[in-house]
Amino acid sequence: MTSVVTAGGISVTIRGTVVDESETVLDRLVSDGVPGSLTSGNAKLWGPDAAPLAARRLGWLDLPEASRSLTGLLAEPAGEAREAGLDRIVLAGAGGPAVAAEAMFRSAFRSAAEPAELIVLDTTDPHEVSGVLAGDLRRTVVVVVGESIEAESLRRVFGRAFSEAGLGGAELARRFVVVAEEGSALERAAREVGHHLVRAESDVDGRFGALGARALVPAALAGVDVDVLLDQASRLTPTLRQPYDNPALALGAALGSSALGARDKLVIADHGSGLDGFAGWAEQLIGGALGKDGKGLLPVVVESADAPGFELSGDLRRVILGRRQDEPGPGREAGVNVAGPLGAQFLLWEYAAAVASRVLGVDPFDEPDVGESVQSTAALLRSEEGTAPTVVRRPPELVSGAVEVHAAEDALRGAQTLPEALEVILDGVPDGGYLAVLAYLDRRGDAAAAGLRPLLAARCAKVRRSPAPVTFGWGPRYLHTAGQYHKGGPQNGAFLQVTGAFTEDVPVPGRPYSLGELQLAQAFGDLRVVRSLGRPVYRLHLRDRAEGLAQLTEALA
């Protein structure tokens with residue numbers, strides 16, 4: 001059985017048993033009047049406890065039109081930047097906006113007349129930041145989005161770097177564009193020093209704000225035609241009120257029915273969608289919106305429809321981004337297929353996540369467990385006279401070449417080699433659970449770390465009676481994305497954290513810690529929270545990053 005819902009430039013195809021499951025949920029959503037209530041901004045859709053926050057977080061529904069004013073607001077600073085040869089845009093931020101802006105830039109919406117570069121820095125890794133600092137600062141503008149510790153630290157680091165490069169006064173001030181809410185400390189600081197300021201919407205959070213200022217400002221400065229994105233979203237908007245022929249409602253029902261049933265892992269593969277990086281944005285949305293109160297839908301992004309971990313399994317709901325299911329190719333057997341342009345896809349998935357949260361009975365806008373890791377990090381930074389390098393002094397359970405394996409006492413069950421330790425880790429994944437690989441490394445210089453996911457997934461299928469999904473996230477990015485699910489969702493995860501030695505560090509001006517120390521505090525702070533939940537946790541520390549990654553790859557091959 002196949003159901004295809006097409007409208008507003010989007011096509012959602014649902015195949016197999018998921019059709020009956022989602023149609024049952026869909027009928028209930030329609031009878032409850034959810035489409036009209038949601039588009040009207042009814043904050044009570046997620047229950048009385050969620051209503052106060054929801055009332056301040058539904059502005060994303062209006063962004064396809066409300067964000068059009070950004071084009072005019074950015075015309076002057078963008079023109080000045082181009083005239084001055086400032087075509088290297090560095091985004092200092094965290095969470096959904098950073099992932100959305102990166103997806104926009106990597107997709108096909110750059111203006112050929114305004115070539116530019118967008119570098120997304122949502123990290124505290126000193127190697128990665130040093131690499132960006134070593135680039136051409138004469139061409140660089142930094143867009144600071146929000147008040148996360150990553151954004152604040154990077155603002156300070158780049159301010160000093162510009163000063164050391166001989167920039168001062170008005171020239172230094174114009175090297176920063178700040179996106180901040182009205183009345184925030186960041187807004188006041190930006191005004192004091194004369195940075196260009198763009199107001200962030202106060203009724204939109206970052207997770208649901210792909211079409212808001214936090215994501216669109218850096219993308220637009222890098223040459224992305226945001227009007228095209230908003231036009232695409234606007235074509236979908238009229239369908240969101242409809243009870244039927246509403247692809248966003250159909251997708252929300254499919255996600256919600258999956259989360260309620262046995263298929264509580266959402267495995268996402270791109271198959272020719274042309275939307276490079278979008279799957280990562282969908283991952284942060286689904287993981288953060290639904291993963292709480294012991295409930296949720298685990299998003300697992302795989303490299304392709306042929307990648308390890310995308311095979312049919314009883315607890316997976318497979319999603320293909322791109323090719324229709326009724327066309328030849330690997331998408332034919334997937335449970336859900338979604339096709340359409342990027343701007344419409346952002347709005348589609350935001351609406352679907354809000355609907356699925358209603359089905360599951362969770363508040364889509366709350367993120368309590370993200371805050372818990374932030375607090376744990378802050379506590380570690382306050383310890384040891386303001387630094388964090390002495391945290392977790394226990395010696396490793398196993399040392400193999402450039403790799404240290406840290407675990408609870410006897411957790412490795414006598415493993416003597418790195419391959420044996422990895423098999424113990426995989427064997428320890430709970431039945432019906434998953435393994436999350438969390439790499440606090442350099443996304444560019446240590447890009448090989450992402451290759452551990454398919455290797456671990458393939459090995460997992462061999463060493464376990466039943467395979468388990470394997471996810472991958474860069475730290476600290478994942479703290480603001482899927483990290484909410486890891487701690488607030490169903491407690492059936494096992495966690496493999498990867499840290500690395502750094503050969504150079506970057507001090508944070510005005511703070512008693514460096515980026516390297518902050519990165520360690522974020523890694524250990526999250527480790528502390530996960531351990532407090534009683535979950536299996538292991539840490540691989542790479543004494544030499546390149547050698548350690550090569551060694552891990554060889555051990556899993």
Side-chain angles (χ1 to χ4, degrees), residues 2 4 10-19 22 99-100 102-103 106-108 247 250-252 254-255 257-259 263-287 290 296-342 344-346 348-349 352-353 356 434-437 447 449-461 467-474 478 481-482 485:
T2 300
V4 181
I10 289 287
S11 177
V12 173
T13 304
I14 303 171
R15 182 181 293 276
T17 58
V18 66
V19 174
S22 62
V99 186
E102 189 168 62
R106 286 164 59 179
S107 297
L251 179 59
L255 298 180
S257 64
S258 298
R263 297 182 184 273
D264 60 350
K265 283 88 174 175
L266 189 76
V267 186
I268 305 171
D270 193 289
H271 190 67
S273 75
L275 308 182
D276 191 5
F278 178 79
W281 178 85
E283 176 189 35
Q284 68 84 30
L285 175 71
I286 297 301
L290 274 66
L297 188 61
L298 173 71
V300 183
V301 176
V302 299
E303 296 73 23
S304 71
D306 298 318
F310 199 67
E311 302 86 358
L312 285 171
S313 175
D315 61 347
L316 303 184
R317 175 66 70 219
R318 305 198 306 171
V319 175
I320 289 279
L321 299 175
R323 180 177 292 175
R324 285 275 300 273
Q325 288 183 320
D326 53 358
E327 296 176 346
R332 186 172 180 81
E333 298 302 324
V336 179
N337 222 102
V338 184
L342 182 60
Q345 290 259 22
F346 282 133
L348 172 92
W349 284 81
Y434 66 98
L435 174 67
V437 183
L452 297 176
R453 194 218 69 81
L455 291 173
L456 284 163
R459 178 61 65 87
C460 186
V470 179
T471 74
F472 179 88
W474 293 103
Y478 81 85
T481 57
Y485 180 97

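Computed from a predicted model, the values in this text were never measured in an experiment. When a residue number appears, it is its place in the shown sequence, counting from 1.
No side-chain heavy atom of Leu255 sits under 4.5 Å from any side-chain heavy atom of Arg317. Two residues are said to be in side-chain contact when any heavy atoms from C-beta on lie closer than 4.5 Å; Val302 and Pro454 fail this criterion. Side-chain contact between Val437 and Leu456 is present, with at least one heavy-atom pair separated by less than 4.5 Å. At a threshold of 4.5 Å between non-hydrogen side-chain atoms, the residues Asp264 and Asp315 count as touching.
Annotation: the span from Leu266 atom CG to Leu298 atom CG amounts to 8.5 Å, rounded to 0.5 Å. Atom OH of Tyr485 sits about 9.5 Å away from atom CG of Leu290, to the nearest 0.5 Å. Annotation: the span from Glu283 atom CD to Thr481 atom OG1 amounts to 6.0 Å, rounded to 0.5 Å. Residue Leu452 holds its CG atom at 12.0 Å from CZ of Arg459, rounded to the nearest 0.5 Å. Remark: Leu342 CG to Leu348 CG distance equals 11.5 Å, nearest 0.5 Å.
By the 30° and 60° cut-offs, the orientation of the rings of Trp281 relative to Phe278 is tilted.
Nearest heavy-atom pair across Gly340 and Leu275 is O-CD1, 3.7 Å. Nearest heavy atoms, Leu285 versus Trp349: CD2-O, 3.2 Å.
None of Ile320, Leu321, Ile286 except one satisfies the side-chain contact (heavy atoms from CB on, under 4.5 Å) rule with Ile268; the exception is Leu321.
Between the side chain of Arg263 and the backbone N or O of Ser313 there is at least one donor-acceptor pair closer than 3.5 Å.
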